[in-house]
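All ligand and atom numbering here is 1-based and tracks the order in the structure.
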Amino acid sequence: MRVGVLTGGGDCPGLNAVIRAVVRKGIGVHGFEFVGFRDGWRGPLEGDTMRLDVPAVRGILPRGGTILGSSRTNPIKVDGGVERIKDNLAGFGVDALIAIGGEDTLGVARRLSDEGLRVVGVPKTIDNDLNATDYTFGFDTAVNIATEAIDRLHTTAESHHRALIVEVMGRHAGWIALHAGMAGGANVILIPERPFDVDRVMEYVESRFKTRYAPIVVVAEGAHPKDGQMELQAGEPDAFGHVRLGGVGQRLADEIERRTGKEARCTVLGHIQRGGTPTAFDRVLATRFGVNAVDAVADGDFGKMVALRGTDIVRVGLGAATEELKLVPHARYEEAEVFFG
Ligand code: F6P
């Protein structure tokens, strides 16, 4: 059997570990051949491929990014895109496809599966917001990077009596902010699921200064204030309709300075959270996803995504994987709130 592999959406630590596991088990155990498609859905859409065999995946386990490249190309938005993908896969003699990605990439995978293509999905996102899996790989690495940054920022906050605002990724879901904020002892954590009250944030900040201890505010890029209490900027939408976010951290820093008279600085972690080597947890999870995805192909179990449930890897329908985002539940936020102020 000839199996195509692609990685779509934002890059994520652990992608290479999945690719390696798929290829090693696929060739070594199932006797498959592989075709790598470059840059997410752009690869099958434009027929852009690369060699994907055991030598091609040597040494990539600890490497960040993806050897296949990635993009946010949405073939559904391209005229005749689905037909072109079908024709190209047939042209390359590809019998099945493993798509590694987040809600957008897997949404396309689901659509193609409905159109009769033999697809298996692997969930990927540092945001950890895919509902059908307990964790996605990349999240643990992102949280560790953000936590280390918060630990380091404490030093300057204390020495200079400044409020330091750390803006982390998380467009719709505040998982990175919640975990890194809890691990790093944040003064307050602001997430997209809970529109925040600017006055309340100022109270937390002031109360921390009163104890002669400088505040660290952790804010997810998608967090927003209640009832337009603060203006935020939004950029152009991408092919999946997501606007480029950013700016809430700096706006908060300006507001804190204006209202409290204390110096406030913002650090935007941005792509640092997605870069570099995956943690051991992410390498193991990604490897397990990879070997289980290629087993699903061998079993002919298409239209599925591999997922983590407890400590087991299971298969769920691609529909279930992409229907709903996994948001931070109220109770989880309440646990963190105990430490605010
Ligand atoms: O989906 C992962 C993610 O890292 C989000 O947290 C973030 O909003 C987005 O990607 C940024 O994407 P890009 O690198 O394309 O700007």
Does Q273 come within less than 4.0 angstrom of ligand 1, counting non-hydrogen atoms of the residue? no
Does Y135 have more than 12 heavy atoms from other residues, nucleotides or ligands lying within 6.0 Å of its OH? no
Is the F340 to Y333 ring centre distance short of 6.0 Å? yes
Among all the protein's non-hydrogen atoms, which is closest to atom 13 (P) of ligand 1, and how far away is it? R72 NH2, 3.6 Å
Face-on cation placement of K124 at F137 ring, 6.0 Å and 45° thresholds: no
Does NZ or CZ of R194 lie under 6.0 Å from the centre of the six-membered ring of F196, at an angle within 45° of the ring axis? no
Under 4.0 Å between heavy atoms, the region of H242 that gets near ligand 1 turns out to be neither
Non-hydrogen atom of G170 closer than 4.0 Å to ligand 1: yes
Any salt bridge between R171 and D129, counting N to O under 4.0 Å? no
Checking contacts here: is it the side chain or the backbone of D238 that comes within 4.0 Å of ligand 1, counting heavy atoms only? Could be both or neither. neither
Counting heavy atoms only, which part of H271 comes closer than 4.0 Å to ligand 1: side chain, backbone, both or neither? side chain
Of D53, V5, V57, the one forming a side chain to side chain contact (heavy atoms under 4.5 Å, CB included) with F34 is V5
Between D312 and R309, is the closest basic N to carboxylate O distance under 4.0 Å? no
When distances are taken from atom 6 (O) of ligand 1, the protein heavy atom at minimum range is D127 OD1, 2.7 Å
For atom 7 (C) of ligand 1, what is the nearest protein heavy atom, given as residue, atom name and distance? E221 OE2, 3.2 Å
What protein heavy atom lies closest to atom 3 (C) of ligand 1? Include the residue and the distance to one decimal. R274 NH1, 3.5 Å
